[in-house]
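Quick one: structure below, then a few questions.
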Number of protein chains: 2
Amino acid sequence: MGVRAQQKEKTRRALVDAAFNQLSAERSFSSLSLREVAREAGIAPTSFYRHFKDMNELGLTMVDEGGLTLRQMMRKGRQRAEAGGSVIRISVDTFIEVLESNPNVFRILLHERSGTSAAFRAAVEREIEHFISELAHYTEAQANRTPELARAQAEALVILVFNAGASALDLKRSERKALADQLVLQLRMVATGAEALQQKMDNRT
Amino acid sequence: MGVRAQQKEKTRRALVDAAFNQLSAERSFSSLSLREVAREAGIAPTSFYRHFKDMNELGLTMVDEGGLTLRQMMRKGRQRAEAGGSVIRISVDTFIEVLESNPNVFRILLHERSGTSAAFRAAVEREIEHFISELAHYTEAQANRTPELARAQAEALVILVFNAGASALDLKRSERKALADQLVLQLRMVATGAEALQQKMDNRT
DNA sequence: AAGTTGAGCGTACATTTGTACGCTAATTTA
DNA sequence: TAAATTAGCGTACAAATGTACGCTCAACTT
């Protein structure tokens, strides 16, 4: 890669990072202005356009990138689970850790999921869908579920986890422990219930 | 109430209604400007302040009012369920109807739940909490659950329902049917799972 | 009847925003 | 080496926003 392309990439990163850094509990992506992001990245407002068509394009980039980061981290955590122990417990703990080290990635996904732009909502849904289908395949193989049931189960699990994540963002570290415990209980409910429904169906035939 | 107070109340309503009417899939509350709302309500921008300290105060009013509306409608629907039939199925159908006739009430709750203002998030959480505790009490009595388990179950149910609601807002009527079916399945999972966990606990003693 | 209150208005202003346009200077290409 | 490309900048402008201020006049109070 030439010197020029390298520098361009660097500036682009600066923009993405600037945007991520400006996110907080009080500041959503859609409340950021192009000028603010450019200012934080240390470039002139008009230079922004050399990298993104508009703020929307930057936001979609962030969603994609964020979703990828999250999935990579969760996958790493899953390897821990293979060493033995409760899959649910370990996954929840991993999730909380991921959440704590990437709160802003999480925030943009959560907020734009119910956001004002169809493109954003679709992008977030796509990321969540990745989680769901990974999990559904896992469960289908592991627990011998009907595809339909596996899908419904996986979706329920992911939704509960994400929602707990949203709550966790507003909690102190000490309160997060209780939240995690309650989440584990709920996930067990779903898993147990899915198992029971599956057996009922199997016995019918 | 005097003529004067009556007129004031009327204008206040016009403001609240104007704000609700401007909400849509493409327009969130936080993207509304004070001037837009005033314009739609047919008053001068500066007159807005005779009714609300700022847009924040208007928004909180809308959340409270919206939550109340939703709960009243769901309660009415529950009476239908008492006539017999699956509680879950009837509740889900009621919910979809409520959603369809009040999409904007729903939108503001969903969006501000992950919003940028702590006051908003707290207000929405309060409304959701109402749903959860109503349901938890119902389950505790009906199905003889531990308070802890009843709470976890109720929370899981409400979260799944709200999330399905968020998805439903983006769907055509025909696709909503499938969504409702999947939701029913998930709710049954939780209910069945909770029952199984409860029995396991009971047998331990 | 006289005085007070307050809802609604119009004017005004400082800020912030997105973006069009044309320039510069360094890198890349030929 | 000469020509072409392009990242980044500065200037400029129209549009929109929140809100301060002071006025009016109908409704209420005394």
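Letters A, B, ... are given to chains in the order of the sequence lines, protein chains preceding strands, and every chain is numbered from 1.
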Arg71(B), Arg12(B), Arg13(B) screened by salt bridge (Lys or Arg N to Asp or Glu O under 4.0 Å) with Glu65(B), the one that passes: Arg13(B)
Rounded distance (Å) that lies between atom P of dG18(C) and atom NZ of Lys53(A): 14 Å
Base dG18(C) to side chain Thr46(A), donor-acceptor N/O within 3.5 Å cut-off: no
Nearest-Å distance for atom pair CG/P, residues Asn56(B) and dG18(D): 12 Å
Straight-line distance of Leu32(B) CG to Met62(B) CE, nearest 0.5 Å: 7.0 Å
Value in whole Å for how far the P atom of dT15(C) lies from CG of Leu34(B): 19 Å
Side-chain H-bond candidate by donor/acceptor type, Ser86(B) with Arg188(B), under 3.5 Å: yes
Atom pair distance, as rounded to whole Å: CG in Leu32(B) and P in dG18(D): 10 Å
5' priority, DNA chain D, between Gly2(B) and His51(A) [closest heavy atom]: His51(A)
Rounded distance in Å - CD1 (Ile43(A)) to P (dG8(D)): 6 Å
Glu57(B) CD - dG18(D) P separation (whole Å): 15 Å
Side-chain-base donor-acceptor pair under 3.5 Å for Arg4(A) and dT6(D): yes
Side chain proximity check, Val16(B) to Phe52(B), heavy atoms < 4.5 angstrom: yes
Nearest to side-chain heavy atoms of Ala44(A), which nucleotide of dC9(D), dC28(D), dG8(D): dC9(D)
First encountered from the 5' end of DNA chain D, between Met1(B) and Tyr49(B): Tyr49(B)
Whole-Å distance separating the CZ atom of Arg39(B) from the P atom of dG10(C): 14 Å
Partners passing salt bridge (charged side-chain N to carboxylate O under 4.0 Å, His left out) against Glu9(A) (at least two apart in sequence or in another chain): none
Side chain of Ser33(B) - closest among dG18(D), dT19(D), dG8(D): dG18(D)
Side-chain N,O (Thr11(A)) to OP1/OP2 (dG8(D)) below 4.0 Å: yes
Salt bridge present between Glu129(B) and Arg151(B) (N-O < 4.0 angstrom): yes
Length of the line joining Asp54(A):CG and dA20(C):P, which is rounded to integer Å: 11 Å
Pairwise 5' ranking along DNA chain C for Arg35(B) and Lys8(B), keeping only the more 5' one: Lys8(B)
Lys/Arg-Asp/Glu bridge criterion (N-O < 4.0 Å) met for Glu195(B), Lys200(B): no
Helical bend (five base pairs per end, nearest 10°) for the helix from dA1(C)-dT30(D) to dA30(C)-dT1(D): 20°
Side-chain N,O (Ser47(A)) to OP1/OP2 (dC9(D)) below 4.0 Å: yes
